[in-house]
Structure formats: structure tokens, C-alpha cells
Amino acid sequence: MFGLMMDLPLLVTRIMRHAERNHPRQEVVAITADMPSFRYTYADCFARVRKLANALDALGTPADARVGTLAWNDHRHLELYFAIACSGRVCHTINPRLFDEQLLYIINHAEDEWLFVDPAFVPKLEELSSQCPKVKGYIVLTDAAHMPNTTLPNAMCYEELLAPHATTYEWPALDERTACGLCYTSGTTGNPKGVLYNHRSTMLLAYAQAMPDVSNLSARDCVMPIVPMFHVNAWAYPFAVTNVGGKLVFPGQRLGDAAQLTRLVNEEGVTVTAAVPTVALAILNHAREPGRTLAPLKRFAIGGSACPLTVIEEFRDRHGVEVLHAWGMTEMSPLGTLNQHTMLTAKYEGERLREHLQSAGRAIPGVELKITDDDDKELPWDGKAFGSLKVRGLWVCRDYYKLEGSGGSHADGWFTTGDVASIDEHGFMRITDRAKDVIKSGGEWISSIDLENAAVAHPMVAEAAVIGVTHPTWQERPLLVIVPERGMQPTREELLAWFEGKVAKWWIPDDVVFVENLPHTATGKISKLELRKRLQDYRFPSA
Ligand code: AMP
């Protein structure tokens, strides 16, 4: 017997309607190249979203068309999110930091019909456009006064595109499984793969993201997503915040500018923000100077790579900010787990608490986890056993775009994440490593993440990475690569001594290499692949 409740599809369109009706005066603040301090309301925003939907129709963009964005975090990108998705098209957010060949692959694989681009990327696209035969034209995200002279075919200025159109629009009644967003994995091997989000998964995640044990969002919050809007929908914050009627602050292009981000926190009253650990660390460094504060900030979601314990503790002890250490991936839209206390863990103290804070948290309701051994047998949740982490859930990818049915990582209804993890009896998960980064020494595994976390806690270390290097006896041994704090010269011996008592003795790296910087991926993570390439000729002195 079916229930007798209204059968309304889960559409992103509902988020927009709700915000406009119930929070019309809530503010959206943004920095763009042409407008250094822009602000308007949800009512203004969604009136422009309808103009944009009319403009997309007028451009002859079919339903289902992929419409690409190469854009920073600002209000126009928010308008694109909603207008493209709610009119039945697919908003394909493109990471502009990718190499040219990856950009071309992605644009052509997605068959983007139109590209909406920040003026900053016009020169790059002028170089590439002749190799993007399917793109019908380029809309530059600016006003007429700031429109650059460009050789891009069919180039238009965003504000002029919108201007003639009506603020009324009949949103289509879509099936909730209709695709609404597309984001390619920043895959380090092979071609990037497209993850095609739908209205249903996006809507469900918008609800989950706001839950008290997740980001705890309400209409009283002011949220500044620092994580780029081209990186998995800025971790779903634009949808989740709109859904609860919170204030949104978009920091524009300078997503790593700690001074500007700190200013926005204070001037706009930002209560919640989200970024990768490197950006969080830059904010901490900036805020260490006397007289600087992050007073309004209450919660900081940090994920994308393991957040060092020192970062979590400094935010808590110096600024009263609760770090929400989260784990996820593009294939999970991206939210998988998040570390918030339970009644039990809230009582933890001392070393037990420190240990606990390094967990990436519990599965968010809607996501299931399991860990398996090499024979695919499920491992116990005892906090000790670690194995391949698998997930399934309401916003987890079933198949990659145009690779449907290829099985692989999705074979048995569970998605193999490529991460190695342990889970404790209370469901708290701890990432040991990416499967390909784990160091295999004498048949045992060493976690590069644990070693890196220990290393960055050293006061003379700015950034650290650990990679496995071949060893004649042990197969692999850990090599520590360090960027020292400015003006500091730690020695190899004092750095290696630092690990004593912090990790098992046989985990301590065999050597240290000092570098001026570490390579990062397009999403701001340390690129182990590139680092391994740089150090391919390195041999341990003892080997
Ligand atoms: P991406 O799809 O580019 O967002 O990358 C997802 C990958 O980032 C995951 O599979 C993990 O390897 C890594 N990752 C994300 N969050 C964390 C975290 N909190 N701790 C450790 N690794 C993480």
C-alpha cells in the first residue's frame, strides 16, 4: 500500500522558491573584478535568475544541455547554479586551475554548449577556443564597462545578456532524477571522470548539510564558502544556506587571501566558513598577529585532505572556533563524514580527545560506510582494523558520465573510494591514506597522513609531506619532505627526533628533504604524484 502524501519531486527549484518567499530580504554579498563590494537580496537574486533562464532560452539552449562555468565564488555564479539547473539544464562547473589538456578534455567530453567565464580566464580561453568545436559562444561575467576586447567567438557580456529579459519565468516541472550539475574528478591518473548530480541528490544533501550534527546551519547564520564553487558545488553550501535562508558571503577570486577573508569575517559577521586545510592554516597564520580576531566565526568546515590536529586546536583555543573536520569526494557530492561530538566523545579529555579529533567523523545520515580487506570481506569497526573504504548513499555517484555500466569502482552497489580507513565502535572514521599513498614497509602499512600531521605540529615546519621511497630491504620507507617556516632552519636530526613517542618507532621516516615549496593539485591538495616525480632520483643514504 502506498502512502497518501503529496507526490512533489525533490527539485532545486523548491529551494529557490522557498528562499524568495520566506527570506526575500536576506543578503548575498560578493566581490567581483568589476564590483569590489556588491550586495543584494535573495529577492533581487532570484529575479535575475529568471532573467538568466529567459536568456538561456533565447540563446536556443536545449533542455539537458551542459552549460559550463569557469568562474570564482560570486553572486553571478550563484545565479548560474540556479538558472541552469532549474530550467532543466546541467551546470557544469569547471576548475580553471586544471592544465590546458584537461580543460579541453572536460569541455569537449561534456559537450558544453555555452561557457560563462570570469574575465580573468578570457586570455586562456582565447588560446583554447579553436579546439572546443561544440561551444557556441562565451559569456563574460562582467558589465559592459568592464567587457574586455576579445577574439572569443560569439562573446557577450553577462549584464547585457540579462538586461532585455523579463523577471518572470515558468519553471519546468522536472523529474527529480533530472541531472542538474556536473563536476569532473581531478583524477591524478587517466582522464578526469564526470560526476553527474541530479535534483534529488542535491536537494537531499542541502537538507543534510544543514543538520545540527553536520554544519548546523540556520537563518541566523552568515556563511562564507571559501572552497571554490567549481569544486563540487562549494561542498553544497550555496544550496544548503539558501534552503535555510542564511546570509551568503562570496569572497570572489582571491580565495587564498587570508587578509581579505579575515576582513570579510569581521565586516560581514561570518559565522560559518569552509575550506581546505592549507587555506585554514593561512587564516590562522594571519590571525596570529596582535590585534587580529575572527570573533564572529563559530564553525569552520575543513576537508579535502586531512586537517592537522594543531589547526583544530589553535582554532578552538585561540579563536573559540569549532573545526568541523569533514571527509568526502567529488563522487559523494562531496559530503561523506563529519566530526561532531556525541554525548560520549564530548567527555573525552587529554590524549584521548586529541586522538579523537583527528578522526574525519561519523557518516552523515544518508551515507553508509564499510571497510573491507583484500578479499572484500568486511572488517570490524574496532578502531584498529583498516582497509578499503566503501560507501553508498543518497548523494553518491552510481556511474560516471558517459561511462555508464562500466562497473569498476561501483561494482556491487558500493562505491570503492580509493581511501584506506579504520572505523571505531562509535562509527568515527579515520582516513589512513589514499590507497596509492600508503607506505608499504616490510609487509606492514605506514600512514603518510599520520606522519604529516605529526610533522606539521613542529614549530619550525610550515608544510610537510611524506612519500614512500623504494628501499632494498623494506620495499618502501617513508621520506619526509619539509617546507620550513620562514627564517627557520630545523636540522634533519631534530625533525626525526620529534617523531619519537608520537608514532611507532618503525614508522619514523628514514630521511628528510628540505624544499622551498610543495606541489599542489588544482584543488589545493599536496600533489604526491608530482612530488614523487620531483624526487624520483632520490635514494636513501643507507640504501
Ligand atoms: P576530491 O574528489 O578531489 O574532493 O578528492 C577526494 C579525496 O580527498 C578523498 O578520496 C580523500 O582521499 C581526500 N580527502 C578528502 N577529505 C579528507 C580528509 N578529511 N582526510 C583525508 N583525506 C581526505
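Read the numbers this way: they start at 1 and go in the same order the structure lists the ligands and their atoms. Numbers here simply count residues along the sequence, with the first being 1.
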Inset, instruction - Mind running salt bridge (charged side-chain N to carboxylate O under 4.0 Å, His left out) on Glu351 and Arg354 for me, showing each step along the way? - result: CA-CA 5 Å; Glu351 205 37 53; Arg354 291 165 58 83; 3.3 Å; yes
Inset, instruction - Could you check whether the rings of His92 and Tyr184 sit parallel, tilted or perpendicular, using 30° and 60° as the cut-offs? - result: tilted
Legend entry - Pair Ser448-Asp433, side-chain donor/acceptor within less than 3.5 Å: yes
Legend entry - Atom indices of ligand 1, in the order listed, that fall short of 4.0 Å to a heavy atom of Arg434: 9 (C), 10 (O), 12 (O)
Inset, instruction - May I ask you to decide if Met460's main-chain N or O and His458's side chain share a donor-acceptor pair within less than 3.5 Å? - result: yes
Inset, instruction - Could you find the nearest protein heavy atom to atom 17 (C) of ligand 1 and give me its residue, atom name and distance? - result: Trp327 CD1, 3.5 Å
Inset, instruction - Mind telling me whether Tyr81 and His77 have parallel, tilted or perpendicular rings, with 30° and 60° as the class edges? - result: perpendicular
Legend entry - Selection from His325, His231, Arg430 by shortest heavy-atom distance to atom 4 (O) of ligand 1: His231
Legend entry - Partner of Tyr401 under side-chain hydrogen bond (donor to acceptor under 3.5 Å, both in side chains), chosen from Lys193, His109, Arg66: Arg66
Inset, instruction - Could you tell me whether ligand 1 has any atom less than 4.0 Å away from a heavy atom of Ser305? - result: yes
Inset, instruction - Report yes or no: does a heavy atom of Thr185 sit under 4.0 Å from some atom of ligand 1? - result: no
Legend entry - Atoms of ligand 1 close to Met329 [distance to a heavy atom under 4.0 angstrom, numbered from 1]: 2 (O), 4 (O), 6 (C), 10 (O)
Legend entry - Enumerated ligand 1 atoms positioned under 4.0 Å from heavy atoms of Ala306: 18 (C), 20 (N), 21 (C), 22 (N)
Inset, instruction - Give a yes or no on whether the ring-centroid distance for Phe428 and Trp381 is below 6.0 angstrom. - result: no
Legend entry - atom 7 (C) of ligand 1 - nearest protein heavy atom and its distance: Lys525 NZ, 3.6 Å
Legend entry - Distance filter under 4.0 Å to Thr330 heavy atoms, resulting ligand 1 atoms: 1 (P), 2 (O), 3 (O), 4 (O)
Inset, instruction - Would you tell me which option among Gly304, Ala326, Gly303, Ala360 has the nearest heavy-atom contact to atom 19 (N) of ligand 1? - result: Ala326
Inset, instruction - Decide yes or no for Leu80 and Leu141: does some side-chain heavy atom of the first lie under 4.5 Å from some side-chain heavy atom of the second? - result: yes
Legend entry - Nearest-contact summary for atom 11 (C) of ligand 1 - protein heavy atom, Å: Asp419 OD2, 3.2 Å
Legend entry - Min heavy-atom dist Gly328 to ligand 1 below 4.0 Å: yes
